[in-house]
There are 2 protein chains.
Amino acid sequence: MYSHAAAYASRTSSAAFPIAAERAPTLRDLFKSQPAETFNPGEALFWEGDKAGPIFEVLEGAVRVYRILPDGRRAILGFVYPGDVLGVSFQNRYLVTAEAVNKVKARRFARERFFAMINDSPPLRPQLFAMLCDEMSAAQDQMMLLGRQTAEERVVCFLLAVHRKSARGAEIELPMSRQDMADYLGLTMETVSRMMTSLARRGLVAPGSRHTVTLRKLESLREIAGRGEDEPEAQVSLDRRAIWPN
Amino acid sequence: MYSHAAAYASRTSSAAFPIAAERAPTLRDLFKSQPAETFNPGEALFWEGDKAGPIFEVLEGAVRVYRILPDGRRAILGFVYPGDVLGVSFQNRYLVTAEAVNKVKARRFARERFFAMINDSPPLRPQLFAMLCDEMSAAQDQMMLLGRQTAEERVVCFLLAVHRKSARGAEIELPMSRQDMADYLGLTMETVSRMMTSLARRGLVAPGSRHTVTLRKLESLREIAGRGEDEPEAQVSLDRRAIWPN
DNA sequence: CGTCACTTTGAAAGCTTTCAATAGGAGTGG
DNA sequence: CCACTCCTATTGAAAGCTTTCAAAGTGACG
């Protein structure tokens, strides 16, 4: 089947326990046997409207997932980072386009086989469910943000969200363009830029290169973000005991 | 609309009933044995932060699902209508509050048993998956709307969405208040009101009572909505052949 | 028929966008 | 190594859409 004993290159749930002998298989283990593919910046993994094809696990880089209105307005519905699985929650067709932001490495897995294996594996099923719940939860956060938060709050929320995912100190990386951020936050690129400048002027962040920022005053930023954005939570639900039986 | 062929008293896969002989069990069948409960307007089915409890099937009325920011701003993340299942996509805790808009009748089902039964039933599992995908799809539509559409487009999209669900002619019912609509559409109550007035003045809709409107020019409205909101689609994926095997 | 809650309407203010110009960086070629 | 070009980001100023604040209107109910 799939050799999940392989060297843990990716951050899987139990990565913290090098010894864990009888580790239950995880969703991401399914991809272990697949070859890594590379996508160049701007290259699409799949297009909105295409017949739903493979599921991807992102290994490196960032993917933007978006939809476009007939008149060209674009909304980025999410960014997908290493360790995330992409392409699951669609039915017959992809409802969105997924495009590499920077150089992306990913593994693909045939859709039917993906679901067949999960369907056959009692420990995997709750993980799929948990993954969908996480996606749903993120979507709800985003709806709250888009519907009821100000431009500044949106930008700060975004910076904090990236920070939570990166877990690499105060300096975060923003591989996407300002336009990407704008389309994700429901703003214009100019507004995003202004907010970044404003945060920098107040000493809350310090711009590094164009694609890096250092978060100088996390506490103040969290206050601005306004929501209980406190504890790190990325990827937790795949690990925490699922409510699903077995 | 989704008239679950009334006479089905049964709820397990080994169903026995008059007409449709070998019908596969549906998610909603699970609720058939449960007593119907009533919730009065404003009454909550569950609260954000509560330990995740029962799953509900809404039979009558409408439920608003929302989240509130610390400073009181509210975003309604969705409305739940008869035939919809509510409370599934949460893990340990409810992430939202669900509150009756008008008089609501619903059946409840214990969470553990709900998932246990689905987990044990190969035909039910893809339905749960399909349901989550539908939720996700709706959430994506909403993100697009909130992030990139104008006030008028939002209101029109909402009217058309209600129209698709009601499927009862050109007159639609809006059980929720203007404030509810506003919190759903990321607008203020005043803006919603102004847009309705504007649509009425242009003859696109005709106000009935405070909670009913007649859509006079569906085509024009669809044009304003701007997205390919053409074919009716509510609830389809629960019925259409799932990609999930078996 | 008065009260109360919700909705509509008006006018001014505000935040974000739009349009336009300037600045900054990376890559290329001399 | 520097000049040049292109693309992206920043900044400025005006316009615009939505919000805010306030008042008037409407309908249900006792």
Side-chain angles (χ1 to χ4, degrees), chain A residues 40-42 64 69 71-76 101-103 145-159 173-202 205-213 224 226, chain B residues 40-42 64 69 71-76 101-103 145-159 173-202 205-213 224 226:
Chain A
N40 289 314
R64 61 177 164 255
L69 290 173
D71 65 355
R73 282 172 289 178
R74 181 181 74 159
I76 291 184
V101 170
N102 44 15
K103 199 180 235 332
L145 180 137
L146 294 171
R148 284 292 176 245
Q149 301 198 254
T150 65
E152 180 174 81
E153 290 172 328
R154 297 185 202 191
V155 171
V156 171
C157 280
F158 180 71
L159 295 178
E173 206 181 314
L174 303 172
M176 66 293 292
S177 69
R178 294 287 186 264
Q179 184 63 61
D180 283 342
M181 288 176 56
D183 287 345
Y184 181 57
L185 299 174
L187 301 169
T188 59
M189 152 180 56
E190 291 93 333
T191 299
V192 171
S193 184
R194 278 184 245 275
M195 295 302 138
M196 296 290 280
T197 305
S198 158
L199 292 172
R201 206 167 31 217
R202 287 184 281 162
V205 308
S209 81
R210 202 186 302 195
H211 289 295
T212 59
V213 202
I224 292 173
Chain B
N40 289 313
R64 60 177 163 253
L69 289 173
D71 66 353
R73 282 172 288 179
R74 182 180 73 161
I76 290 182
V101 169
N102 46 14
K103 197 179 242 321
L145 179 138
L146 294 170
R148 284 290 175 248
Q149 300 198 254
T150 65
E152 180 174 82
E153 289 172 330
R154 297 185 201 191
V155 170
V156 171
C157 280
F158 180 71
L159 296 178
E173 206 179 314
L174 304 171
M176 66 292 292
S177 69
R178 292 291 187 262
Q179 184 63 61
D180 284 340
M181 288 175 57
D183 287 346
Y184 181 58
L185 299 175
L187 301 169
T188 59
M189 153 181 54
E190 292 92 332
T191 299
V192 172
S193 184
R194 277 184 246 275
M195 293 303 140
M196 294 291 280
T197 304
S198 157
L199 292 172
R201 205 168 29 218
R202 289 183 280 161
V205 307
S209 81
R210 200 183 303 191
H211 290 294
T212 59
V213 202
I224 292 174

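Per chain, numbering begins at 1; letters A, B, ... match sequence-line order.
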Distance-only polar pair, side chains of Ser198(B) and Arg202(B), donor-acceptor under 3.5 Å: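 On atom types as modelled, these side chains qualify, holding a pair under 3.5 Å.
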query: Between Thr150(A) and Arg154(A), is any side-chain donor less than 3.5 angstrom from a side-chain acceptor?
result: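 Looking only at side-chain atoms, Arg154(A) and Thr150(A) do not form any donor-acceptor pair under 3.5 Å.
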What integer distance in Å separates [X]:[atom1] from [N]:[atom2]?
| X | N | atom1 | atom2 | answer |
| --- | --- | --- | --- | --- |
| Asp183(A) | dA9(D) | CG | P | 12 Å |
| Leu185(A) | dT16(C) | CG | P | 12 Å |
| Met181(A) | dT8(D) | CE | C1' | 14 Å |
| Arg210(B) | dG27(D) | CZ | C1' | 6 Å |
| Leu174(A) | dT8(D) | CG | C1' | 14 Å |
| Gln179(A) | dT17(C) | CD | P | 11 Å |
| Met189(B) | dT18(D) | CE | C1' | 14 Å |
| Asn102(A) | dA26(C) | CG | P | 16 Å |

Starting the side chain at C-beta, find the nucleotide from [options] nearest to [X].
| X | options | answer |
| --- | --- | --- |
| Arg178(B) | dT17(C), dT8(C), dA9(D) | dT8(C) |
| Ser177(B) | dT7(C), dG10(C), dT17(C) | dT7(C) |
| Met195(B) | dT18(D), dT7(C), dT11(D) | dT18(D) |
| Thr188(B) | dT18(C), dT8(C), dT19(D) | dT19(D) |
| Leu187(B) | dT19(D), dT16(C), dT20(D) | dT19(D) |

message: Here's a test of your reading of the structure: between Thr150(A) and Ser209(A), which maps to the more 5' nucleotide of DNA chain C?
response: Thr150(A)
message: Please classify the nucleic acid contact of Thr197(A) as base, sugar-phosphate, or nothing, using heavy-atom distances under 4.0 Å.
response: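 The answer is sugar-phosphate, as Thr197(A) gets under 4.0 Å only of primed atoms, P, OP1 or OP2.
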field: Pair of N/O donor and acceptor under 3.5 Å linking dT18(C) base with Arg194(A) side chain
entry: yes
query: Quick one: does Glu152(A) reach the base of dC15(C) with a side-chain donor-acceptor pair under 3.5 Å?
result: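 No such pair is found, so the answer is no.
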message: Quick one, Leu174(A) with Met181(A), criterion side-chain contact (heavy atoms from CB on, under 4.5 Å). Give me CA distance, side-chain angles, the key distance, then yes/no.
response: CA-CA 9 Å; Leu174(A) 303 172; Met181(A) 288 176 56; 4.3 Å; yes
field: Below 4.0 Å: OP1/OP2 of dT17(C) and any side-chain N or O of Thr191(A)
entry: yes
field: Derivation of the side-chain contact (heavy atoms from CB on, under 4.5 Å) call for Gln149(B) and Leu69(A)
entry: CA-CA 9 Å; Gln149(B) 300 198 254; Leu69(A) 290 173; 4.0 Å; yes
- request: Between Glu190(A) and Arg148(A), name the one whose nearest nucleotide on DNA chain D is closer to the 5' end.
  value: Glu190(A)
From Glu173(A) atom CD to Thr212(A) atom OG1, the distance as rounded to the nearest 0.5 Å: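 Here the interatomic distance stands at 7.5 Å.
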